[in-house]
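Worksheet: the structure to be examined is printed underneath.
Since the structure is predicted, the reported quantities are computational estimates derived from the model, not experimental observations.
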Amino acid sequence: MTGRGRPRRAQSSKPKSDNVHLSEEKHKDLIKEQKLQEREQKKPDHTGEKPSVQSTQKETTTTHFTKEIKSPRTPKNDLKAPVQGARPKATAAKSPAKESEKIQSAKPQDTTKDLPKTTKARKCRKDKSSEEFLEVRRTPELETPKEITSIKTAEAKAKPLVEFAQETQTQPQKQKDARNDSTKSTKSKPCPGRTKSQDKSTEEPTKTKPERPEHTTNLHVARNNTADDSILYTTLEKLKIKRNDRANAAELVNEIKKHIIKHLKQNSLCFKEVEEPLCTGSYYENVKISNPDEFDVMFPIPVERVKIEGFGDDGAFYRVGLQRDRSPLQRFQERETLSASKMLDHFREEVKECVKALPEWEVTRKKKGCPAVTLTTRRQSVTISLDIVLCLVVKSSWPAFTQEGLKIDAWLGTKVKRDFKWKPFYLVPKYEGRGTVENAGVLARDVWRISFSHIEKEILKNHGSEKTCCEKDGERCCRKDCLKLLKHLLSLLKEKDPSFDKFCSYHAKTTLLHVCCSRTKDSDWRASNLSQCFQLLLEDFICHLEKGVIHNFFIPSQNLLSGVDQRRCNSLARRIREEHDNCFPVFK
DNA sequence: AACCGCTAATTCCG
DNA sequence: CGGAATTAGCGGTT
């Protein structure tokens, strides 16, 4: 019996009379159940040890802390990280020890391999996207900067990370150069490290070579990458989400999602215009680690004819005023301001109401400033939490504060960027600090924070410079693997030292996005170069920490670390460096 | 609803 | 036995 999922295209023409199909489905469900149970029984340890890395939610969402981490099951063979088949490149990575040799000797093959791939035709990836909003609403006003708020950040005091570069450089001088560049930092790059990526990427062969210094002696950490490789691959293996866990979680989550949307549409007055839920966050970006235990779903309420003005000076928060009298949201309007807190409260009640029908779910206590209604449920001792996020979808051009953000031109291209900018943006009822603080007559709790989760997701999904990156016949990259590792590292360190609780996986993700903008080539991220790539990501992260600045990827004037004590940043930077220098003991 | 992409897991095969 | 090929199944698009 062929799976209904995704038969190899040859079989896709399999005959299916409906009834046969149906009964087959049922049968399959049965089988599935059986199998699930079988497996559960087979590895009882598995559910028991549910690591559930207390993860690192992005800060828009909540902080329910989870459970303990126990060492997730280790692959039976530690040394190899079986990488799923059919990817020649990946398999090369399998045996880290061999791998580095291979890289050196087999470079020509690599490059030749690239050729057919890149030439391979592929449907253009987002021609569809732009149409829907082509109506009048958009004007090129999005290209008019206006007062581009000069970014008054701490760049000035940023010191280049030279020591670190020296310590750790297992890489070529390419990187050293980059470091040196950093002194004449370009202001748009918080961590000017890789400004060179452009020139260096001209020729693949010439450039991969220097990346493999045969002898990386001059540093006390001079490490054979194989040691790193081994631990990193093993760790990645541990972070994989099990198919069963995923199936279980998806079933639960999808059920309630459907239920909520139906409820809102049918029983609610103010939210009945809700659009299709927007699944965001790491699970849906395929960068969730360890357990499918956290889900983020945004419920977009369309607003038309609204006035939106910045609140505060970093461009992340906005006051929203309805201009249309007949809006169903009128009841949340106070003093010409759409009250985020009122609206969220009401939304919360609606969600509560419809969760009554699904008693296995529980609504968690409201957290101040949190835009989500968090639901939790348990299944076989695993707690799954689902963040239901109310949001406004605004179908007009992005605020001027985004002008200098999303610097993906060299990485993903200007067309992609343009298409992104035609998409709507979202506002979530999130504030910082005390809700009763007033600014220009508006309470903090009534403001909205801008969100580009949809874009983040799309970027993560389509993260290659080449369209074929990571596709079946394309070359595999390690961007997402690097992100997973950094997230994991961060969450482990947080667990060990609660004083790091202000750091979140969104910091990691943002750092990756920034790095991708400077190391734009897919060949900069070859899967076989995992340890180097990860190291560069770490260096960048450290660099951000030491400066105390991570610019919001879309709103560069917002510093995601603004609320974090510099000493904490330094301390985390130090810890990470330590981990790196010692071959990541936390991963063991 | 059909189909495709991605990822995990299992089976096949030299 | 290890790696390649297949299967499985969720998510997303058209």
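- Phosphate contact (OP1/OP2 of dT7(B), side-chain N/O of Lys242(A), threshold under 4.0 Å): absent.
- One can place CD of Glu255(A) at 14 Å from P of dC10(C), the figure rounded to the nearest angstrom.
- For Phe452(A) and Trp398(A), the gap between ring centers is short of 6.0 Å.
- Among the nucleotides dA9(B), dG5(B), dT7(B), the one closest to the side chain of Lys472(A) is dG5(B).
- Remark: Lys457(A) is in phosphate contact with dG12(C), judged by side-chain N or O atoms under 4.0 Å from OP1 or OP2.
- Of all nucleotides listed (dG12(C), dG11(C), dT10(B)), dG11(C) comes nearest to the side chain of Ala250(A).
- The nearest whole Å value for the distance from the CD atom in Glu471(A) to the C1' atom in dT7(B) is 15 Å.
- Between Lys461(A) and Glu285(A) there is no salt bridge, since no side-chain N of the basic residue sits under 4.0 Å from a carboxylate O of the acidic one.
- One interatomic measurement links the two molecules: CD of Glu251(A) to P of dG9(C), which rounds to 12 Å at whole-angstrom precision.
- For Arg243(A), whose side chain is taken as the heavy atoms from C-beta onward, the closest listed nucleotide among dA8(B), dG12(C), dT7(B) is dA8(B).
- No side-chain N or O of Ser465(A) forms a donor-acceptor pair with one of Asp522(A) less than 3.5 Å apart.
- Protein atom CD1 of Ile241(A) is 17 Å distant from nucleotide atom P of dG9(C), rounded to whole Å.
- Distance, Leu278(A) CG to dG11(C) C1': 13 Å, rounded to whole Å.
- Counting heavy atoms from C-beta on, the side chains of Pro424(A) and Val394(A) never come closer than 4.5 Å.
- When the C1' atom of dT7(B) is taken as reference, atom CZ of Arg476(A) falls 9 Å away, rounded to whole Å.
- For dG11(C), the OP1/OP2 oxygens have a side-chain nitrogen or oxygen of Asn254(A) closer than 4.0 Å.
- Distance CZ (Arg246(A)) to C1' (dA9(B)): 10 Å, rounded to an integer number of Å.
- For dG11(C), the OP1/OP2 oxygens have a side-chain nitrogen or oxygen of Tyr283(A) closer than 4.0 Å.
- Taking the six-membered ring where the residue is Trp, the centroids of His488(A) and Phe587(A) are separated by under 6.0 Å.
- The CG atom of Leu252(A) sits 14 Å away from the C1' atom of dC10(C) (whole-angstrom rounding).
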